[in-house]
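Contents: one structure, followed by commentary.
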2 protein chains.
Amino acid sequence: MSERDSNETAVRRLRERLGSGNMLPVRRALHALNPAEIASLLASLPPTERNLVWEMVSPEDDGEVLLHLPESIRTGLIRQMDTAELIKAAEELEIDDLADLLEGLPETVTREVLRALDADDRARLEQVLAYEPDTAGGLMNTDTVTVRPDVSLDVVQRYLRLRGEVPTHTDALYVVDRYGAYLGALPLDKILTRAADDLVANVMERETPAIPAGEKEHDVARRFESADLVSAPVVDGKGILVGRITVDDVVDVIRAEGEHNMMSMAGLAEDEDLFAPVRQAALRRGIWLGINLMTAFAAAWVVGRFEATIGEVVALAVLMPVVASMGGIGGSQTLTLMIRSLALGQAGVGNTRLLLRKELSVAAVNGLLWSIVVGAIAAWWFSSLWLALVIALALVVNQVIAAASGVLIPLILKRMGVDPALAGSVVLTTVTDVVGFFALLGLGTVILL
Amino acid sequence: MSERDSNETAVRRLRERLGSGNMLPVRRALHALNPAEIASLLASLPPTERNLVWEMVSPEDDGEVLLHLPESIRTGLIRQMDTAELIKAAEELEIDDLADLLEGLPETVTREVLRALDADDRARLEQVLAYEPDTAGGLMNTDTVTVRPDVSLDVVQRYLRLRGEVPTHTDALYVVDRYGAYLGALPLDKILTRAADDLVANVMERETPAIPAGEKEHDVARRFESADLVSAPVVDGKGILVGRITVDDVVDVIRAEGEHNMMSMAGLAEDEDLFAPVRQAALRRGIWLGINLMTAFAAAWVVGRFEATIGEVVALAVLMPVVASMGGIGGSQTLTLMIRSLALGQAGVGNTRLLLRKELSVAAVNGLLWSIVVGAIAAWWFSSLWLALVIALALVVNQVIAAASGVLIPLILKRMGVDPALAGSVVLTTVTDVVGFFALLGLGTVILL
């Protein structure tokens, strides 16, 4: 399989081969993929074929493949492995990755894996496990290479030759004092480009900030993005160096954050398994449908208040979808913009009034514009200028309320500690449906009857 | 301003100070921020204050700040700068970043900037500009440090000391033959840890793959993610090393891709300016509302076919929002899952039939379950078992059609070359509204009249 082969081609071919029942070429194809590619392949297969392929993955790749899988799929595969296989998989991993893997496992298995490690690794793993998984401490690796400030670059160079290798993604050594307190970073390129007799203290970068172990991974990601970091030191409350975070783990955080908002807005888990078992998928989505049903019945209840009006002017029922849909679309545009800006820390920062003014202006302009169009169509369709007036007014009202809700609902939800991406669209739709139908049918009752 | 100060606090404080009219503390606060933070601050300010703060950014930061801004905001600020200021900003940038910046500029300014560069930089810039911006060539930087395979590490080390520094994010030198053809990578840590008399040829990593300059940035990002790369060499069609891509630029691609899907689903630009001028925002969103209006009128037209039915059984109008909403929610769950999986290359890879079967099963289960609940409520509300049967049947039909549409619409759109994230939800809502109303009112006509 050549370098240029995309995942799509790989999956297509592999599935054909799986279908043919001849397993040898499947094994060979698998062998050419890296763990991330194997993970992506597994994610695009239904359960039966997924298990078949998983059995064929070579044991030394198991750990890395599991790591690259979304948790929803990982848990299922781990459940099929016995403890010996798990320990084997665990041994191939770096400490931070191992900690990630252990989070999803039952307590008993975790203890077994810990027992199988040597004392050194166990101590380091326990250190990482002591921090919350979504903090810098949970994200970090403990494999830092440290030097003292009072030695020359030449000494550092000889020490490294003696060591023979450094951990993956080491772009800098860290300078610590005799108590292990972090002093600064010594990038590898500085060791190579500065004079051999320069002291570490004179060459090291003091401005490279250390990340507190308790910092949230969201903030860590923003820090990496804004300062273009490749790796960064992590310190505990006393300034003691406890580990380092590398950009590959931050990339995963950024990817997950991007998907979180989009998936949440549809009530899905961000790592939703494409081939989740029907019962599991139906349960999770059923709950979401149930919540939305309350919304729908709120809207239906409003319509129910106006049964008499509809009975007399059926055209109002015909125009109901128009008002509801336009309000929903307008509101969700504002909502989506707000959810993105909240995640970036650019909304809700003392600029709410200005934002509200802007969104209301946009909604008023579009509300007026489209109400003329819709009014004209309604007038022509039902030959009634009064009906045209009713739908036009309802449309403007709903558009403006939708914009205000789009700005305020996510801010209120956030203050209540509720994820705006998850709950925002349900609440918003309730508002736009209820307001839209109330405006249309209420105005209809007053003006047309 | 301490290290821990979040963007939110910074913005809040700065806005207070702007309000007070005292500019000195604003200047001082700005000085403590890095270009990415200044960019984020600018994005959260309305136009007037944004321009005020932009004037205060020190000229040597201008280039970096512009780069970190979404294009929608960048263009506005650049329009206010004169060519001299632009050339000054451009001078501080790396070649790949400069190329990004130039994309948005008018041809005349680009030519001015090119003329202001020295011959060397101009040649390098023109090389990058020759590639499409969304390819590896457009993403790359030309500042590679190269060595020959037949020298010893000691010689490399002396060469680097002579050089005195290497470009930012250099984690590896690249090994090329006398014609400039790429042979392999020589990571800095290898130079430091291997024996000084080892030859480059024996130490270099031949398996580090070079990225073809024409590869799409989406594929480049997937490659970085799956192989955990920090930087990678870029080669032209003949295998000649032309540049390198660093992870910081890839992080931007990943962030943008994550936002693209979410923003597109609401018909917004992925870099939508929170404080876009009202006219501009109203125009873009107005178009989206207009497109959705056609959808809404398609639904209204279906309802219009059944005016007589509604006139006799007004309860059907009351239940219309329930069928439309449940279909829309169910369909958009499937659609969102598909859009995510298509972006990851995990859907549409010969697994469509299986996926369809799974989604239809989920929809059938939930459709049946919730149709019983909705039917029961309708029976109690309107005291009619026949009406309960109608809404229950309509709900199941719509749920199943919604799931099928959620799987098939994005696949069809993609094959047509239309972005499923952009057009998917409009088309889907049209289907679920039309089918939902047709099923409810059609069954109502047959069963209830």
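First the proteins, then the strands, lettered A, B, ... as listed; each starts at 1.
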Do you know which of [options] has the most heavy-atom pairs with chain A at a distance under 4.5 angstrom?
{"options": "B:N292, B:L289, B:L268, B:V303", "answer": "B:L289"}
{"options": "B:L355, B:T246, B:D249, B:V365", "answer": "B:L355"}
{"options": "B:V230, B:L354, B:D433, B:V318", "answer": "B:V318"}
{"options": "B:D189, B:D171, B:T170, B:L293", "answer": "B:L293"}
{"options": "B:R279, B:E307, B:E165, B:R305", "answer": "B:E307"}
{"options": "B:G258, B:A36, B:A266", "answer": "B:A266"}

Pick one of side chain, backbone, both or neither for [X], based on which atoms fall under 4.5 Å of a heavy atom in chain B.
{"X": "A:Q280", "answer": "neither"}
{"X": "A:F382", "answer": "side chain"}
{"X": "A:H260", "answer": "neither"}
{"X": "A:E257", "answer": "side chain"}
{"X": "A:V322", "answer": "both"}
{"X": "A:R340", "answer": "both"}
{"X": "A:Y159", "answer": "neither"}
{"X": "A:A196", "answer": "both"}
{"X": "A:L316", "answer": "neither"}
{"X": "A:V250", "answer": "neither"}
{"X": "A:S361", "answer": "both"}
{"X": "A:M320", "answer": "side chain"}
{"X": "A:T334", "answer": "both"}
{"X": "A:A324", "answer": "neither"}

Exam field: side chain [X] to backbone [Y], donor-acceptor pair closer than 3.5 Å:
{"X": "A:R285", "Y": "B:I329", "answer": "no"}
{"X": "A:R161", "Y": "B:T193", "answer": "no"}
{"X": "A:N366", "Y": "B:A282", "answer": "yes"}

Residue part contacting chain A, namely of [X], when any heavy atom lies under 4.5 Å:
{"X": "B:I377", "value": "side chain"}
{"X": "B:L192", "value": "both"}
{"X": "B:F224", "value": "neither"}
{"X": "B:R255", "value": "both"}
{"X": "B:E359", "value": "side chain"}

Once rounded to the nearest 0.5 Å, what's the spacing between atom [atom1] of [X] and atom [atom2] of [Y]?
{"X": "B:L337", "Y": "A:E272", "atom1": "CG", "atom2": "CD", "value": "6.0 Å"}
{"X": "A:L188", "Y": "B:L188", "atom1": "CG", "atom2": "CG", "value": "6.0 Å"}
{"X": "B:N34", "Y": "A:S226", "atom1": "CG", "atom2": "OG", "value": "4.0 Å"}
{"X": "A:M263", "Y": "B:I339", "atom1": "CE", "atom2": "CD1", "value": "10.5 Å"}
{"X": "A:E37", "Y": "B:R223", "atom1": "CD", "atom2": "CZ", "value": "9.0 Å"}

Provide the closest heavy-atom pair for [X] versus [Y] in the form atom of the first, atom of the second, distance.
{"X": "A:Q157", "Y": "B:I191", "value": "NE2-O, 4.3 Å"}
{"X": "A:Q346", "Y": "B:L274", "value": "O-CD2, 3.4 Å"}
{"X": "A:G304", "Y": "B:W381", "value": "CA-CZ2, 4.5 Å"}
{"X": "B:F437", "Y": "A:P321", "value": "CE1-CG, 3.6 Å"}
{"X": "B:F275", "Y": "A:K358", "value": "CA-CD, 4.0 Å"}

Most contacts with chain B, counted as non-hydrogen pairs under 4.5 angstrom, among [options]:
{"options": "A:V426, A:V374, A:L283, A:V156", "result": "A:V374"}
{"options": "A:D252, A:V302, A:V314", "result": "A:V314"}
{"options": "A:A276, A:A315, A:P35", "result": "A:A276"}
{"options": "A:G286, A:A227, A:S325, A:G350", "result": "A:G286"}
{"options": "A:A363, A:S341, A:A221", "result": "A:S341"}

Is the closest side-chain heavy-atom distance between [X] and [Y] below 4.5 Å?
{"X": "B:T336", "Y": "A:M265", "answer": "no"}
{"X": "B:P46", "Y": "A:R357", "answer": "no"}
{"X": "B:N351", "Y": "A:E49", "answer": "no"}

